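The block underneath contains the structure these notes are about, expressed in structure tokens.
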Amino acid sequence: MLTIKNLHAEIDGKKILKGLNLQINPGEVHAIMGPNGAGKSTLASVLAGKEAYEVTEGSVDFDGKDLLAMSTDVRACEGLFLAFQYPVEIPGVSMTTFLKASVDAVRKYKNLPELSAKAFLQYMREKQQMVEITKELTNRAVNEGFSGGEKKRNEVFQMAMLDPKLAVLDETDSGLDIDALRVVANGVNQLKNENNAFVVITHYQRLLDYIVPDFVHVLYDGKIVKSGPKSLALELEEKGYDWIKEETIA
Amino acid sequence: MNLAMNSPIKETTKAFISQFETGEALPFGETKRQQAVGFLQNAVLPGQKTEDWKYTSLMPITTKEFQQPENYASRSLDICNIPNLEAHTIVFVNGALHSVNMLPGFDSDLMIQSFGSMNETAQIIAEKYFAHLTPPDLDIFTALNTAYGNKGTMIFVPAKRQVQKPIHIQHLTDTNIPIGIQHRNLVIVWEESSVTILETYHGTKQNSTFRNQVTEVIVAENASLSYFKFQHEGRNASHIEQCNVMQQANSQTAFFTVSLSGEIIRNTLRIRINGEGAHAGLKGGYLLDNIEHVDNYTEVHHIKPHSTSNELYKGIIGGQATAVFSGKIQVYPDAQKTQAYQSNKSVLLTDTANVYTKPQLEIYADDVKCSHGATTGQINEEALYYMMTRGISKTEARKLLIGAFLEEIFNEFGVKEVEEYVHRCIQEKMDSIH
Ligand SMILES: Nc1ncnc2c1ncn2[C@@H]1O[C@H](COP(=O)(O)OP(=O)(O)O)[C@@H](O)[C@H]1O
Ligand SMILES: [Mg+2]
């Protein structure tokens, strides 16, 4: 589904990704862990197509298409979703208007007819229940005045609305209490099927008790330096990242 | 010999004024008219050195020649129409009265009359209040209007009447030649009454037009008025407006001024709160591109204690367009416990767009709360990116952001059909701005 080869990217002339390789197949869940500043969010932004990042080398193939050649909105329409580490507040634009515009855009791209207002609201209500998001929140402006946890839950809600092929969750678990964590994990587990895939960026193995990854990768200094099964996450939790650093240097 | 007599500005002024001529005399206001004619003899046009006109050059108006409006042939009024809006309407085409349509079941005391065809009672009221709030010699444009204008609307709401449906004053220009229009409104809302007025400006062609308008508004004790001005006459339409308002005790007003197109637009809105416990609301919005120029000049005078005002002007400025905002708040020595707030927010879409903001607070009482603030920014790129990651195109995302930014200006007007219409016009204009 997604094949990243030798990806190099920089921002403001600073090299951040330095030859990253990753293969993701349908039906898989990948966890990416790594110390602060390793480049995890950068990878998410480069995949989403944030303009400030410049890809200097490498390729990203998304279901047979050149992902890097697409604009951000087209990537989303093709089925890529990014749950932000820091979701953006958009004063004045209501959640409903925003979600309708989003769902309409993706449907239009797929040559599907626009949903009627009624069908849309019905669809929204279903997904709302799935991530236990209140009507009070969907009546507000996008993320405006949402608590940290509400913002994260809202990301999962949007993911549920768009039902992407590949979702990248950037530290969706940070700052969440155990109940919210369960809600987020439930959302992912319900959406998960053999045709889609998830990349879960996290610091804590805690989330991985709920979302069970098929692979765990360690991202360090702009590269994936170690990959392994779920048990690698436990090992990282116990020993920290220093032994990886030593291994990498050695 | 006086040197000034032959100065270029004097010459320009003379030439400018001479284009306009007196029409048929009105049955009221003759003394005021004579005063205005007198004033014009020695008047000069404001130049860039005139403090209140520093950022607005009148050249685009004074260098053109305007003719008397053509006669109106039966053309379509469709573009003035607001879908599903039920309103009493009075329609002017190329400055001349076209029609008055009152909704069935209106209160027979309610007057919506054209200056040219007033009944006797209306004439008596007009004689008393015409040019009452706006002295004929206030400035050159006022004088021009008072001296040569004979078209206008009078709206009189007698005491204790709640006018349920809005009154819609429609202006349409449909002309093949550059025309000059003088229009006047006299609005009187008597004690304990309430009314909603909508005044719209549309043009069918992209011809140059010059509209010089004076609006006088009296809102008596415990009365309330909501007044929406929607300027969308075309990018070559110039509009100079002098709106003077007097509010009495416990009255409430809400003024909305939305400018979507115009070559030079200058809106003066001057509110005198001359009674305790009154509130004035002033909101303005603009969305400009190319070389459009909108200048909102506002004054709020708090003359008596315990009154409040709240003012918010917001605009999006693209191309090489210019937005000017001057907001003066004056609190008189007597006016303790005044609360007056003012804010101006602009978003610039290009490096060549211009914005000038001039707040002016003159406070002569000590126990008051007043504030003003101004911000200028760009479109929020992070929000654009966020929306794009949800599949929304950049163009669509910009429209959503701009719509949201301006929405606040008109979403409390209280007439849903108008709010939706204005929203749609903004979205349409966005399609033509890049
Ligand atoms: N705009 C920027 N300019 C320069 N450096 C940046 C910029 N944004 C992020 N970085 C740097 O890129 C590196 C990777 O950041 P990030 O991808 O956010 O790490 P992670 O998500 O793994 O904690 C960090 O060293 C960070 O300081
Ligand atoms: Mg990060």
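Because the structure is a prediction, the values reported are computed rather than measured. Quick note on labels: first sequence line is chain A, next is B, and so on, each numbered from 1.
Within the 4.5 angstrom heavy-atom criterion, no atom of V74(A) approaches chain B. Both the backbone and the side chain of L82(A) have a heavy atom closer than 4.5 Å to some heavy atom of chain B. Only the side chain of E51(A) comes within less than 4.5 Å of a heavy atom in chain B; its backbone stays farther off. For chain A, the nearby parts of E382(B) are the backbone and the side chain; heavy atoms of each come within less than 4.5 Å.
The two atoms that bring G391(B) and A76(A) nearest to each other are N-CB, 3.3 Å, heavy atoms only. The two residues A383(B) and I90(A) come nearest to each other via the heavy atoms CB-CG1, 4.1 Å. Across all non-hydrogen atoms, the minimal contact from L400(B) to V93(A) is O-CG2, 3.7 Å. Heavy atoms only, all atoms of each residue included: P91(A) and A404(B) are closest at O-CB, 4.0 Å.
Note that OH of Y385(B) is 5.5 Å distant from NZ of K50(A), once rounded to the nearest 0.5 Å. Atom CG of L162(A) and atom CZ of R390(B) lie 7.5 Å apart (nearest 0.5 Å).
N195(A) CG: more than 12 foreign heavy atoms inside a 6.0 Å radius. Enclosure of atom CD in Q360(B) by more than 12 non-hydrogen atoms of other residues, nucleotides or ligands within 6.0 angstrom is indicated. Counting heavy-atom neighbours within 6.0 Å of N193(A) CG, excluding the residue itself, gives a total above 12.
By number of non-hydrogen pairs under 4.5 angstrom with chain B, the leading residue of E89(A), Q158(A), R75(A) is Q158(A). Per-residue counts of heavy-atom pairs under 4.5 Å with chain A were compared for E396(B), M387(B), E407(B); the largest is that of M387(B).
Proximity to chain B among residues 97-115 of chain A is limited to T97(A), F98(A), A101(A), S102(A), A105(A), V106(A), judged by heavy-atom separations below 4.5 angstrom.
T389(B) is listed as a side-chain neighbour of F84(A), based on a closest heavy-atom distance under 4.5 Å.
When ring centroids are compared, Y86(A) and Y386(B) stay outside the 6.0 Å threshold.
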